[in-house]
Amino acid sequence: MKNIRNFCIIAHIDHGKSTLADRLLDFTKSVTERERKEQLLDNMDLERERGITIKSHAIQMVYDYKGEDYVFNLIDTPGHVDFSYEVSRSIAACEGALLIVDAAQSIQAQTISNLYLALENDLEIIPVLNKVDLPSANPDEVTDDIVDLIGCAREDVIRASAKEGIGIEEILNAIVERVPAPSGDPDAPLRALVFDSVYNPFRGIETYFRVFDGSIKKGQNIKFVATDKNYSADEVGTLKLVQFPKKEIQAGDVGYLITGIKNAKEVKVGDTITDAENPTKNAVAGFEDVKPMVFAGIYPVETDEYEDLRTAMEKLQLNDASLVFVPESSAALGFGFRCGFLGMLHLEIIQERLEREFDMTVITTVPNVSYNAYTLKDKEKPIVVSNPTDLPEPTYLDRVEEPYIKASIITKSDFVGPVMSLCIEKRGQITNQTYLTQDRVELSFDMPLAEIVFDFYDRLKTVSKGYASFDYSPIGMRKSKLVKVDVLLNGNTVDALSALLHVDNAYDIGKKICEKLKELIPRQQFDIPIQAAIGAKIIARETVKALRKDVTAKCYGGDISRKRKLLEKQKKGKKRMRQVGNVEIPQEAFMAVLKLND
């Protein structure tokens, strides 16, 4: 055990995490020349294109230090705020962390939040200053920032450039010298933490775990503590670039397990694996069920593709257990699913994967968060509302609570004003303001999750010219004045465009939705009124004018009554048409509601 080192890499998006992992693999000769490629651990097309890590990965390397072989287990973590629970479980499986900071961009919001996670788990932090070869790098200034943040000595900060391969040997030596070897009792009952799982269509779910106590042997009867189910360990082994089956994985090591499980829901990230006959008394702490934060309806464009969409969603769920969906139907869009996601990035990724991997074109309704509604009849038991149409009638309603988050924004001091006004516009309350350096400020806000779902991130980048970075964590439910705004087309409610909004914003947003729909709905042979309403009260209206044929063209001169007669006849026809006319809503209209401020 003394020669094992388990570590992860934590960094803000785009600070060079995947590139550094590539260089470490090259330097320890864990990959051959033939297998080498950029972003080696990111194996999804989407990850490679966007340059982000969506799924965490693990890989083992062997490094020769002063004539002794050391086994390194690198557990890569996703960089985005949506996947913070997975990051926390990966961190819990390690003893050390490489904290990577971009020498040109300095410390960002996610660097700090992931650092706090690592410190909570008592990890040894090795600060790495990356991209020192860039012309725009400020290595001395950023080193001071790192020293202030974690209180280490200046010489502890390793200067590196993952792209150029500078400082890689120093990083590997620091991992051996500074990261403690895993501690655990090899003779105690088996206790292992599940930090990830991957679906393999031929072998079922592959579970990635880290053993804390005892050991796991091939053929052993094991038990998952949270789901309370028993399985047989058909195969265990270590994770190199390909899997290496072994007879036994001992305390302190990281490996994979195949049990023939076919359903991703049975393997939960953060669960504890133990021996079925001799279970451990204390499971690994910190397990929680991942709760979806954002809900949206996903509908097939062609209604007869409903079953294909169901199959596609089920296959995606095998890969991604945090996706939740239940069937629902809408008068405007037919049959579809109400899906729960971890955040907006997760929603985008699922939508993109449906299009790429399954060739499904889908319509996504306005995303919203889930609220707790309390009725006058039962003021204690909440009704969970994840779809605006589920909200009880206002006459029966006692109160509505919505989820709040603690948002942390780091920006240059020049942009404090615009960032504050954006947050206040989004119903945020400032709780703290700290100057990290002379020109970098950290702002803390309490704000409703619903307000950041739409366009908050894009607008934050706009008002700060791309400098602000943003991170958030949920802080519970708070009472709020919310109303349901319905959109009516030609007098009929379009349920897919309904939204739950705060009373203060309802009028403005209702008006903007009507104006946006007026631009997007094609003109018909009759006038189409577009209305926004709260209950029976209309709060905004726009009209799409009818296409009119010039029926008086053939009347030149003569009595006015001849023209009037033709116009009256046309008017009656339009009225009848409006009673039977049906309005088709183009797909852009559903997406446009998300971009009201453009």
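By convention here, the first residue in the shown sequence is residue 1.
Looking at C423 and I409, their side chains come closer than 4.5 Å, going by heavy atoms from C-beta outward. At least one side-chain heavy atom of F224 sits less than 4.5 Å from a side-chain heavy atom of I273. At a threshold of 4.5 Å between non-hydrogen side-chain atoms, the residues P392 and I383 count as touching. Looking at heavy atoms from C-beta onward, E402 lies out of side-chain contact with L449 at the 4.5 angstrom threshold. Side-chain contact between M313 and C339: present, with at least one pair of heavy atoms (C-beta onward) separated by less than 4.5 Å. Taking 4.5 Å as the limit, some side-chain heavy atom of V487 sits within range of a side-chain heavy atom of L517. When side chains are defined from C-beta on, F195 counts as touching V254, because their heavy atoms get closer than 4.5 Å. In this structure the side chain of Y231 never reaches within 4.5 angstrom of the side chain of L257, judged on heavy atoms.
Ring planes of F337 and Y306: parallel class, angle under 30° (limits at 30 and 60°).
Residues C514 and A532 approach most closely at SG-N, 3.6 Å, considering heavy atoms. In plain terms, the two heavy atoms of L488 and A533 that are nearest each other are CD1-CB, 3.7 Å. Taking both residues in full, the closest heavy atoms of E328 and G297 are given as OE2-CA, 4.0 Å, listed atom of the first, atom of the second, then distance. Contact between K218 and K246 at its shortest, heavy atoms only, is CB-O, 4.3 Å. Considering every non-hydrogen atom in both Y371 and P403, the closest pair reads CD2-CD, 4.4 Å. Between L347 and A296, the closest heavy-atom pair is CD1-CB, 4.2 Å.
Of the inter-residue distances, the one linking E352 atom CD with I349 atom CD1 reads 8.5 Å to the nearest 0.5 angstrom. In this structure, OG1 on T364 lies 11.0 Å from CD1 on I350, to the nearest 0.5 angstrom. Taking CG of L354 as the reference point, atom CG of L309 lies at 6.5 Å (rounded to 0.5 Å). A distance of 7.0 Å separates CZ in R310 from CZ in F325, rounded to the nearest 0.5 Å. For the atom pair NZ of K481 and CG of L501, the computed distance is 15.5 Å after rounding to the nearest 0.5 Å. Between the CG atom in N221 and the OG1 atom in T259 there is a gap of 11.5 Å [rounded to 0.5 Å].
With sequence neighbours left out, the salt bridge (charged side-chain N to carboxylate O under 4.0 Å, His left out) criterion links E305 to no other residue.
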CA sep, side-chain torsions, deciding dist, call: R427, N505, side-chain contact (heavy atoms from CB on, under 4.5 Å): CA-CA 10 Å; R427 297 194 284 135; N505 304 344; 4.1 Å; yes
Stepwise side-chain contact (heavy atoms from CB on, under 4.5 Å) test for L489 and I521: CA-CA 10 Å; L489 276 187; I521 288 175; 3.7 Å; yes
Stepwise side-chain contact (heavy atoms from CB on, under 4.5 Å) check, Y256 with T207: CA-CA 5 Å; Y256 72 92; T207 309; over 6 Å; no
Check against side-chain contact (heavy atoms from CB on, under 4.5 Å), T274 and I222: CA-CA 6 Å; T274 186; I222 53 160; over 6 Å; no
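The side chain to side chain contact (heavy atoms under 4.5 Å, CB included) with V400 is formed by just one residue from the set V483, V385, L391; it is L391.
No side-chain donor from either of S480 and R478 sits under 3.5 Å from a side-chain acceptor of the other.
With a 6.0 Å radius and a threshold of 12 heavy atoms from other residues, nucleotides or ligands, D304 has its CG atom above the threshold. Around OH of Y507, the count of heavy atoms belonging to other residues, nucleotides or ligands within 6.0 Å does not exceed 12.
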